[in-house]
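The block underneath contains the structure these notes are about, expressed in structure tokens.
Order of listing sets the numbers, starting from 1, for every ligand and every atom in it.
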Amino acid sequence: MIKVYGTPMTRAMRVLWLLEELQVPAELEPVDPRKGEHYHPDYWRINPFGKVPCITVDNYSLAETSAICTWLADQYPDKRLIPACGSRARGTHDQWLSFALTELEAPLWLVMKNTVLLPEAARVPAIIPQAMETFAASCKILAAHMNMRPFVLGEEFQVVDIFMVSLISWAKFLSAPGLDRGLLDYRERLSHRPGFQSFKEKYLKKT
Ligand SMILES: N[C@@H](CCC(=O)N[C@@H](CS)C(=O)NCC(=O)O)C(=O)O
């Protein structure tokens with residue numbers, strides 16, 4: 001059985017949603033960073049990266065959300081949620097995944113930390129305008145791309161769509177500039193997928 005460490009309100013949400021899309025049973029082991037539970041030595045023995053999410057399968061453990069999600073999707077090629085390793089489509093998939101993490105998530109995470117997550121005394125509000133501007137410029141590129149296709153890779157829902165939807169949700173929560181109607185509609189459309197609904201039923205109703 002796959003164990004997922006984290007809570008549904010963290011990046012673990014991306015892993016839990018993917019597992020519902022793959023229809024693979026998993027067990028959620030609650031590790032809540034808001035309560036500092038990720039600092040526990042028992043958790044560091046499982047995940048020396050010290051953050052959530054992380055997964056374990058038998059005696060194998062894996063951290064970093066994008067590594068976890070691509071690895072999981074690769075385990076179930078019949079589910080067609082990621083292009084085959086080495087294919088051009090996989091190159092394009094990973095290009096957008098990398099763009100999501102470095103060009104969209106990184107500036108948003110700076111905003112998140114300095115508006116919500118860090119204790120007030122540790123926040124640096126001066127960072128926010130520049131991070132918002134960086135996000136908006138990248139978001140414009142994504143919006144133009146999504147204007148012409150239903151999913152990032154074209155006609156099929158893939159792992160990278162989970163990351164994009166999650167980041168659009170962060171951006172909406174932070175009132176970040178750059179979101180357009182098309183991106184909000186894309187997020188709304190994907191939230192009706194049975195996989196997402198099942199994630200919501202299983203994990204959000206309990207928290
Ligand atoms: N690069 C990591 C980032 C993981 C991360 O920062 N997770 C947050 C929760 S969403 C966390 O564990 N924060 C606790 C901390 O930074 O101390 C990934 O993509 O998995």
For [atom], what's the nearest protein heavy-atom neighbour? Residue, atom name and distance, please.
atom	answer
atom 6 (O) of ligand 1	R11 NH1, 3.2 Å
atom 12 (O) of ligand 1	V52 N, 3.0 Å
atom 13 (N) of ligand 1	P33 CB, 4.2 Å
atom 17 (O) of ligand 1	H38 NE2, 2.8 Å

Could you pull out, from E105, K51, E64, the option with a heavy atom nearest to atom 2 (C) of ligand 1? E64
Ligand 1 atoms nearer than 4.0 angstrom to some heavy atom of Y39 are 17 (O)
Near T65 (heavy-atom distance under 4.0 Å), the atoms of ligand 1 are 18 (C), 19 (O), 20 (O)
My understanding is that only one of V31, V52, D42, T7 makes a side-chain contact (heavy atoms from CB on, under 4.5 Å) with E37; could you say which? V31
Identify which one of V159, V165, I68, I162 satisfies the side-chain contact (heavy atoms from CB on, under 4.5 Å) criterion when paired with R14. I162
Can you check side chain to side chain contact (heavy atoms under 4.5 Å, CB included) on S66 and L101, steps first, answer last? CA-CA 9 Å; S66 59; L101 297 176; 3.5 Å; yes
Heavy atoms of other groups near Q75 CD, more than 12 under 6.0 Å: yes
Would you say R123 and T115 are linked by a side-chain donor-acceptor pair, where the criterion is simply a distance under 3.5 Å? no
When you compare the side chain of Y186 with that of M164, does any pair of heavy atoms fall below 4.5 Å? yes
